[in-house]
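In what follows, a single structure is set out as structure tokens and then discussed.
Quantities reported herein were computed from a predicted structural model and do not represent experimental measurements. These numbers come from the heavy atoms of this one structure, side chains and all, not from hydrogens, waters or symmetry mates.
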Amino acid sequence: MDPSSSGSGGNSLPSVGPDGQKRRVCYYYDPDVGNYYYGQGHPMKPHRIRMTHSLLARYGLLNQMHVYRPSLASQRDLCRFHADDYIKFLRSVTPDTQQEQTRLLKRFNVGEDCPVFDGLYSFCQTYAGASVGGAFRLNHGHDIAINWSGGLHHAKKSEASGYCYVNDIVLAILELLKYHERVLYVDIDIHHGDGVEEAFYTTDRVMTVSFHKFGDYFPGTGDIRDIGHSKGKYYSLNAPLDDGIDDESYQSLFKPIMSKVMEVFRPGAVVLQCGADSLSGDRLGCFNLSIRGHAECVRYMRSFNVPLLLLGGGGYTIRNVARCWCYETGVALGQELEDKMPANEYYGYFAPYYTLHVTPSNMENKNTRHQLDDIRSKLLDNLRKLQHAPSVQFQERVPDTEVPDPDKDQDDPDERHDPDSDTEVDDNKAVEASARRSILGMKVKREFGENDTKVQVGMEVKREFGGENDTKVQVGMKVKRKFGENDTKVQDGGRVASEHRVLEPKAEDNGFSIQAPHVCARAMAVDEPSNVKNEPEGN
């Protein structure tokens, strides 16, 4: 039987063990993230991340993961995808000064849906830093990394969109591409993952797959006929869905399509955007998925035993968002959580039943069997047109980012975060580490206006780096940058790691190179996991 038609391909790749095997999981959380506020009446509420974290603590999941407080992504980090002038605007604009910048507000699409609020830039730095940090961890030995504050998939190179300002997903994928020939992006948010698709529309090194509501619905993109362009043709897959889709109908598409994607594309890492607005009863959504049905996508992608980055996204009935992401954290850890919810700081939100799961509604499923069969048939046909696993010949390796050994005197690395406490940090101590930025022959193709771009690998950079801090590093140069005195890595309740310095190797010292070069984002220099830590900020 063809596994792509049966939907049973979860172990179709060579597996390192059964699906129930314990994974090495890390989790990123900043205790300040819940303080950010889009404004009165705005449906996006970062407070949902704090509610999720509280449930994780009360269910005892934090002590089963490596828990990190992310470093703030620097302007340079963010400009690895976004335009310099856009990031400088986000950095400078405040609620008090926005009236003086009306022209730029319009230019960068900042306003009603994407308002200016206190701490906007710090918010972007926080969730982007967590996603890039998670990608870095996957590059250095973790099996699964989780950042529920990330997944803001609508942000474009030069504009905000759909409550999203910085596209942390694109930045994380660029980080993963430093170590993996191919990266798969999967989006189960009810809205099309347009920002990510657009960023990688012309490359065969990133495949994007989006399951979303299509029609008279934001952002209006994601037609099944949108398949990619040039080298990226057939590397964008879109499953356009109608109102009321339930668990059974959703999985009848998701599993056979993803089975075939994994067989044909064979990614080195997977990024799964777990937008919870596809759940039944969402304030802005119109799907009818249960939490178990939504989490089945996580369980299925986990079963392939490929490094997996789990990100948040949409979700506007926040009590159900917290339920969903808590349950999916359990799935990542191989734990089945009790339905009866333990007492927690936000217990009242979950009245009257105080359970983890909620019953889907009886809304009509407008997705007919014929429509679903047609979508599945067209997408599988597109996949058959691909050559299996496009090759990227390695001849010289992109310079590595070393992960120093932890201080031999530090606390037991197996000791975990206290589930009854929030993420805290102790005294800071400066560390030095290296960082670099390499762009090896990237072509930036302008297609959608003056500032919008699509990235294609294999040619030269056409956009000049205007900021004084922007650098372009050619192969064969030796790069060393020190972190400033504010860069820290701190254990929670433990000893501060010893200072260290890492030098970048020269390109000619490495063992191989990439013939089809790709975009690189600098990994944040961090130490081996033990307890909750700060990660060092970039300059």
**Report entry** Derivation of the salt bridge (charged side-chain N to carboxylate O under 4.0 Å, His left out) call for R299 and E296
**Finding:** CA-CA 5 Å; R299 192 185 311 276; E296 184 62 24; 3.4 Å; yes
Which heavy atom in [X] sits nearest to a heavy atom in [Y], and how many Å separate them?
{"X": "D243", "Y": "C286", "result": "OD1-SG, 3.1 Å"}
{"X": "D204", "Y": "F265", "result": "O-CE1, 3.5 Å"}
{"X": "A130", "Y": "Y28", "result": "CB-CB, 3.7 Å"}
{"X": "L176", "Y": "N139", "result": "CD2-OD1, 3.6 Å"}
{"X": "T126", "Y": "P70", "result": "O-CG, 4.0 Å"}
{"X": "V261", "Y": "L184", "result": "CG1-CD1, 3.7 Å"}

Student check: side-chain heavy atoms of [X] and [Y] closer than 4.5 Å:
{"X": "L310", "Y": "V298", "value": "yes"}
{"X": "L120", "Y": "Y165", "value": "yes"}
{"X": "R24", "Y": "D143", "value": "yes"}
{"X": "T221", "Y": "N238", "value": "no"}
{"X": "Y185", "Y": "L272", "value": "no"}
{"X": "V270", "Y": "P267", "value": "yes"}
{"X": "D168", "Y": "V132", "value": "no"}
{"X": "M207", "Y": "V264", "value": "no"}

Donor-acceptor contact below 3.5 Å, side chain [X] vs main chain [Y]:
{"X": "E159", "Y": "N109", "value": "no"}
{"X": "S236", "Y": "Y201", "value": "no"}
{"X": "T329", "Y": "W325", "value": "yes"}
{"X": "D282", "Y": "L279", "value": "no"}
{"X": "W148", "Y": "G313", "value": "no"}
{"X": "T203", "Y": "F200", "value": "no"}
{"X": "R302", "Y": "V331", "value": "yes"}
{"X": "R384", "Y": "L379", "value": "no"}
{"X": "S259", "Y": "P256", "value": "no"}
{"X": "R376", "Y": "S252", "value": "yes"}

Enter the distance from [X]:[atom1] to [Y]:[atom2] here, rounded to the nearest 0.5 Å.
{"X": "L253", "Y": "I245", "atom1": "CG", "atom2": "CD1", "answer": "6.0 Å"}
{"X": "D242", "Y": "K366", "atom1": "CG", "atom2": "NZ", "answer": "6.0 Å"}
{"X": "Q273", "Y": "S131", "atom1": "CD", "atom2": "OG", "answer": "10.0 Å"}
{"X": "L386", "Y": "I227", "atom1": "CG", "atom2": "CD1", "answer": "9.5 Å"}
{"X": "S122", "Y": "L72", "atom1": "OG", "atom2": "CG", "answer": "6.5 Å"}
{"X": "R76", "Y": "I87", "atom1": "CZ", "atom2": "CD1", "answer": "14.0 Å"}

With the threshold set at 4.0 Å, does a side-chain nitrogen-carboxylate oxygen contact exist between [X] and [Y]?
{"X": "K260", "Y": "E263", "result": "yes"}
{"X": "D85", "Y": "R107", "result": "yes"}
{"X": "R266", "Y": "E181", "result": "no"}

Query - Face-on cation placement of R137 at Y27 ring, 6.0 Å and 45° thresholds - result: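 Judged by the rule (NZ or CZ under 6.0 Å from the ring centre, within 45° of its axis), R137 is not positioned above Y27.
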Compute the ring centroids of [X] and [Y], then answer whether they are less than 6.0 Å apart.
{"X": "Y250", "Y": "H294", "result": "no"}
{"X": "Y163", "Y": "Y316", "result": "yes"}
{"X": "F211", "Y": "F254", "result": "yes"}
{"X": "Y217", "Y": "H191", "result": "yes"}

**Report entry** With I169, the side-chain contact (heavy atoms from CB on, under 4.5 Å) member among L309, T208, V196, D187
**Finding:**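 For I169, the side-chain contact (heavy atoms from CB on, under 4.5 Å) check succeeds only for V196.
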Report task. Can you label the angle between the F214 ring and the H212 ring as parallel, tilted or perpendicular, going by 30° and 60°? Result ->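 Plane angle over 60°, so perpendicular.
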Query raised in the report: So F123 and Y38, would you call those rings parallel, tilted or perpendicular, with 30° and 60° as cut-offs?
Result: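 Perpendicular.
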Query raised in the report: Should the heavy atoms of other residues, nucleotides or ligands under 6.0 Å from NZ of K385 be counted, would the total exceed 12?
Result: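 Above 12, so yes.
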Requested in this report: May I ask you to check whether H153 and E197 show a side-chain donor-acceptor distance below 3.5 Å?
Outcome: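 No pair is found: no donor N or O on one side chain lies under 3.5 Å from an acceptor on the other.
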Query - Option passing side chain to side chain donor-acceptor pair (under 3.5 Å) with D374 (candidates H370, Q371, K378) - result: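 With D374 as partner, side chain to side chain donor-acceptor pair (under 3.5 Å) holds for just one option, K378.
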Report task. Could you point out which residue of D194, N167, D189 forms a side chain to side chain donor-acceptor pair (under 3.5 Å) with H154? Result ->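 Going through the options one by one, the only one that passes is D194.
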Requested in this report: Given side-chain contact (heavy atoms from CB on, under 4.5 Å), test M301 with M262 step by step and report yes or no.
Outcome: CA-CA 9 Å; M301 297 313 298; M262 295 299 285; 4.0 Å; yes
Report task. Apply side-chain contact (heavy atoms from CB on, under 4.5 Å) to M65 and C26, showing your working. Result -> CA-CA 5 Å; M65 303 183 286; C26 65; over 6 Å; no
Requested in this report: Give the intermediate values and the outcome of side-chain contact (heavy atoms from CB on, under 4.5 Å) for residues I49 and D30.
Outcome: CA-CA 9 Å; I49 311 302; D30 190 306; over 6 Å; no
Report task. Apply the test side-chain contact (heavy atoms from CB on, under 4.5 Å) to residues L78 and Y86: give CA-CA distance (whole Å), side-chain angles for both, the deciding distance (0.1 Å), then the verdict. Result -> CA-CA 10 Å; L78 302 178; Y86 173 55; over 6 Å; no
